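Here the structure is laid out as structure tokens; the discussion comes afterwards.
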2 protein chains.
Amino acid sequence: METAPPRRRRVGREQLLAAALRLFARDGIQTTSLQDIATEAGVTKAGLYYHYKTKDEIVLDVLRPSLDELPTVTRRAEAHRTRAARVDEVLGGIIDIALDENSGFAVLMKDPYLQQLLSQQESMRRWWDDATTLILGPAPDVEARIGLVMFINGLSGTSRDPVLAPLDDRSRRQQLLACGRRLLRAEQPTEA
Amino acid sequence: METAPPRRRRVGREQLLAAALRLFARDGIQTTSLQDIATEAGVTKAGLYYHYKTKDEIVLDVLRPSLDELPTVTRRAEAHRTRAARVDEVLGGIIDIALDENSGFAVLMKDPYLQQLLSQQESMRRWWDDATTLILGPAPDVEARIGLVMFINGLSGTSRDPVLAPLDDRSRRQQLLACGRRLLRAEQPTEA
DNA sequence: GTCTATACGCCGATAGAC
DNA sequence: GTCTATCGGCGTATAGAC
């Protein structure tokens, strides 16, 4: 891609993405039609199609900043020597992304449509394999693998649940991390 | 409802539901159109409409046997005197439903469309409140509530995950229940 | 009471004019 | 780069045959 058009654009992808995120957050992904996004951004439906070939492309582009952060999380975790420290780094990193109100991920992670879409993304599956190996080792036991799967599946539904509402950001992070540690039978790391 | 029609039907809801479940399980709920279900059952799309006014009605009717079982689970749990025993009864009951291959719930629980649909059902929300009180008491601490939310959200994604594939049904139940106990900080009950 | 024929308005997506 | 026009398919809905 990126045939590098030297000219600046009039509406630009940024405005389309901003409009899309606004509507996705308010109404959900599936409920928001391309017509809605186009109207909100001030173009026609077909005008959208110049920038994005499919609706999925729009959704994924809204998420790009968050998704790009995932490899950074695992890279940081690789530096730690103990398993407990790596677990905290990876789980904490994911939780941070999930709790960041300004990221598309936080807004959309719980969206049913997105979960389906992400599981089809090859790059996402590869990252997940890396993260699993990093946390559980090359030959993990079934118990730990199940715990990790439950944490990831549970996080998306939990991070925006009303039970977290009375807590501040630091407490939320702490509570969710504690859940992850319990599921993985991991101790609180002593280093760092 | 139940205006008790004395005559028997030619195709009957049972066959429609069987066809729907078959396609839902194979292709997912959203991918399956009413036209697909009608063709599979041997009627026209409008023929479906005589029995069900909306697609959601079909989905909910496929689930009815499973959903009807939930109150039974909480009723059984009320008989126990210790919290640990109640936790095991409720969590175990939900896990059993989620793992039963012959129930619509097991097939559809992980389906994104369904999770959205169920959260809109008033009866479902009421049951969830009951179950929460039963397990955590009338004034639960935040930690336990978060653990329970993560378990429920995580179960639907975990119960059909490939990591469970090598296990038999008894081991699957055991592993998932162990996850729930850890999240709720509940001991294995000594009674029963 | 059970089904078919037909249609409505909206969807995501495409072709081609300006 | 953005438009109008159009496509096939969707969920939903009514009229009326049997």
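Nothing here was measured: the structure is a model prediction, and the numbers come from that model.
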- Quick one: is B:H51 getting a side-chain N or O under 4.0 Å of the C:dC3 phosphate, OP1 or OP2? yes
- Item | Length of the line joining A:K53:NZ and D:dG1:P, which is rounded to integer Å | 12 Å
- Item | A:R182 charged N/C atom sitting above A:F151 aromatic ring, 6.0 Å / 45° | no
- Is any side-chain N or O of B:T44 closer than 4.0 Å to OP1 or OP2 of C:dC3? no
- Message: Whether the side chain of B:K55 and the base of D:dT12 hold a donor-acceptor pair under 3.5 Å is what I'd like checked.
- Response: no
- Item | Between B:S33 and B:D36, a side-chain donor and acceptor under 3.5 Å | yes
- May I ask you to verify if any side-chain N or O of B:S33 is less than 4.0 angstrom from the OP1 or OP2 atom of D:dC10? yes
- Task: Check whether any side-chain nitrogen or oxygen of B:Y50 sits under 4.0 Å from OP1 or OP2 of C:dT2, and answer yes or no.
- Result: yes
- If you check every side-chain atom of A:A46, which of C:dA15, D:dT12, C:dA13 has the closest atom? C:dA15
- Query: Where the side chain of B:R172 meets the backbone of B:L167, is there a donor-acceptor pair that is under 3.5 Å apart?
  - Reply: yes
- Message: OP1 or OP2 of D:dT12 versus the side-chain N and O atoms of B:Y49: is any pair under 4.0 Å?
- Response: no
- Query: How many Å lie between CD on B:E57 and P on D:dG11, as a whole number?
  - Reply: 15 Å
- More than 12 foreign heavy atoms under 6.0 Å from CZ of A:R145: is that the case here? no
